[in-house]
Colleague: 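Below is a structure I'd like to ask you about.
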Amino acid sequence: MTSGMWINIIACAGQLALAGLALARIGRSPLALPLSLLSIALSTWNFTGFGLERSGEPGWRQVGFAAALMTVPCTLHFALAFVGRRRRSAWAMFGTYAVFGALAMAMLAALGAPTLAARLLTLRFGIFVTVLVAPPLGAAFALLALHLRDARHPDERARAGLIVLGLTLLVALLLTELAVELGLRQVPRLGTLGTLLGLPVMATASLRFGLFGRDLGEGAPRMALHAATLAGVGVLAYLTVFRLFAAQVGALVVFTTAITFALLAATRRGVTAYVTRSERMERLATLGRFSAQMAHDLKNPIAALKGAAQYLKEEHTRGQSSATHGEFLDLMLEQVERLGRVVDTYQRLARVEPLPRPVDLGRLVEGVLSLQSFASPGQVSIVRALEADLPPCSGDADLLANAVENLVRNGVEAMPGGGTLTVRTLRDGLAVAVEVEDTGEGMDARTRERAFDDFFTTKAAGSGLGLAFVRRVVEAHGGTVSLTSREGHGTVVRLSLPMDVRRVGSGSEGEAA
């Protein structure tokens, strides 16, 4: 085999290994899906180069062209996910997938239609593709460049720099292949080299800098070794298949496809097993913390009930009449009612079913902050900026207090070395609002986009339920929640709740009278 064929097959197996690592994180990291799709497209392109040189079958060229087309929407998808604009720019992302997916399908359909192939593999079609490629790739690199310029945290700058470098190598050197297809024969073919150089850069960004999250980052050496071993097995399997079925195109397609899927499945299974074990431990820890909180809430009324019951039992043993101990019976009934309220509160927390009543937001915030002052003495300075005479809102005081308490706790935990937590109440048009601002490190773009998702957390001991619960509570009250954050500049979360129109209206009428 020539050196070019070896480079193609090694790059193919390496890209499949990276795809396997990414596939294990789908659903847990927004970067996993685009990176796995990009890696699969690049591995397919490398394999078609190997197949074309090994067998001379011209159909490999069309398959390679189709795979190269799909790298464009995958690159845009990855860039949008990295800078935290995947949801806001979903229309552009899906539109690009639709356009280039249609072109790729047309190229694959040409495998059985020589006339269509002759029309597609022309200079005019190449120029048309070049015009289509420019906007999505230009937008992707512009977003990454702006993100790199604005990044303040050293790790985020390193991640962004590696991503820009890796994608530049991939795209720039792949474009030399398109130039040759357009008839520029003097341009060297460097696409395979680009995929081979871009691979370690993307792998470094993924593993060394925790691009897929904390749990995969901690097991990076083990996962990388697992993926590299499978990549080596893949290389041997591909070479064996081509040696046995060099003249049988159908058998080559079937067996190489089977090997590819087997490699992806084996890599994903190995990584998933490790990650699942870590996540199971985290969820058990979360359940333990939730149980501890419930036990704390139930302990005091149960202790009061036990004490009263023991006292009455002793009095009964002495032959004393219970008629003189009515206050203990009242205490027991009071504690039973208290237990019922605790259970009701936890049920409402689970279902987020508000019981609306007029709520004085300023008084509610004061109550939350008075308790927080004891929870973090001397570490965080709490500043109150509460607007006087704020109209009441209609809501469930217990649920709203829990939501504000979550925000305050998050803000305090974002400043482990100390800082200032500012809590404001203010009018927000026809609503009243609470703002909680901290002076912590802030969030990167990807964290901002997923901050309110269920079970998403960046804390080692976090449950990922805090901000998700806040969002559900506010939306259940007909309000809105927004988050503003920037690395190095802290975070501001605002809850806006509709005013109690009946109270505001009656107040206005009373003043007029």
Side-chain angles (χ1 to χ4, degrees), residues 4-5 8-9 11-12 15-16 19 36-77 93-137 170-171 173-185 187-192 194-195 238 241-242 245-261 264:
M5 293 169 65
N8 272 310
I9 199 68
C12 170
Q15 291 287 356
L16 283 177
S36 61
L37 293 175
L38 179 59
S39 298
I40 291 170
L42 290 171
S43 69
T44 304
W45 183 84
N46 278 292
F47 187 79
T48 59
F50 169 79
L52 180 62
E53 192 171 348
R54 185 77 170 77
S55 66
E57 181 68 35
W60 289 111
R61 181 186 177 196
Q62 291 162 241
V63 176
F65 207 134
L69 286 171
M70 292 310 299
T71 63
V72 177
C74 294
T75 300
L76 178 63
H77 186 177
M93 180 181 73
F94 288 120
T96 306
Y97 270 114
V99 170
F100 284 88
L103 290 174
M105 292 300 295
M107 191 62 67
L108 293 177
L111 287 171
T115 304
L116 179 60
R119 291 181 179 178
L120 292 178
L121 298 176
T122 61
L123 177 62
R124 179 179 297 179
F125 181 74
I127 294 174
F128 173 69
V129 169
T130 303
V131 172
L132 286 180
V133 162
L137 290 185
L170 289 173
V171 172
L173 298 184
L174 274 175
L175 287 177
T176 63
E177 302 287 337
L178 179 60
V180 173
E181 295 294 336
L182 291 176
L184 301 175
R185 301 297 178 184
V187 176
R189 288 183 177 270
L190 300 175
T192 304
T195 60
Y238 285 136
V241 166
F242 264 85
F245 304 101
Q248 303 175 43
V249 177
L252 278 177
V253 172
V254 171
F255 282 106
T256 53
T257 302
I259 291 170
T260 299
F261 281 115
L264 290 173

Colleague: Using atom types as modelled and distance alone, determine if a side-chain donor or acceptor of S43 lies under 3.5 Å from a backbone N or O of I40.
Modeller: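 Checking the backbone N and O of I40 against the side chain of S43, a donor-acceptor pair under 3.5 Å is found.
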Colleague: Please name the pair of heavy atoms, one in F100 and one in L132, separated by the smallest distance, quoted to 0.1 Å.
Modeller: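 Of all heavy-atom pairs spanning F100 and L132, the closest is CZ-O, 3.6 Å.
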Colleague: For F94, give me all partners under side-chain contact (heavy atoms from CB on, under 4.5 Å), at least two apart in sequence or on another chain.
Modeller: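 Residues passing side-chain contact (heavy atoms from CB on, under 4.5 Å) with F94: A90.
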Colleague: Could you grab the distance from atom CG of L103 to atom CG of L108, nearest 0.5 Å is fine?
Modeller: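 Going from CG on L103 over to CG on L108, the span is 11.0 Å.
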Colleague: Distance-only check: which donor-acceptor pairs under 3.5 Å involve side-chain atoms of residues 64-76, not counting sequence neighbours?
Modeller:
from : atom 1 : to  : atom 2 : distance (Å)
T71  : OG1    : A68 : O      : 2.5
T75  : OG1    : T71 : O      : 2.7

Colleague: Run N46 and F50 through side chain to side chain contact (heavy atoms under 4.5 Å, CB included) and show every step you take.
Modeller: CA-CA 6 Å; N46 278 292; F50 169 79; over 6 Å; no
Colleague: Mind checking the OG1-CD spacing from T44 to Q15? Nearest 0.5 Å is all I need.
Modeller: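 So the gap between those two atoms works out to 10.0 Å.
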Colleague: Test side chain to side chain contact (heavy atoms under 4.5 Å, CB included) on M107 and F125; report intermediate values, then the result.
Modeller: CA-CA 11 Å; M107 191 62 67; F125 181 74; 3.6 Å; yes
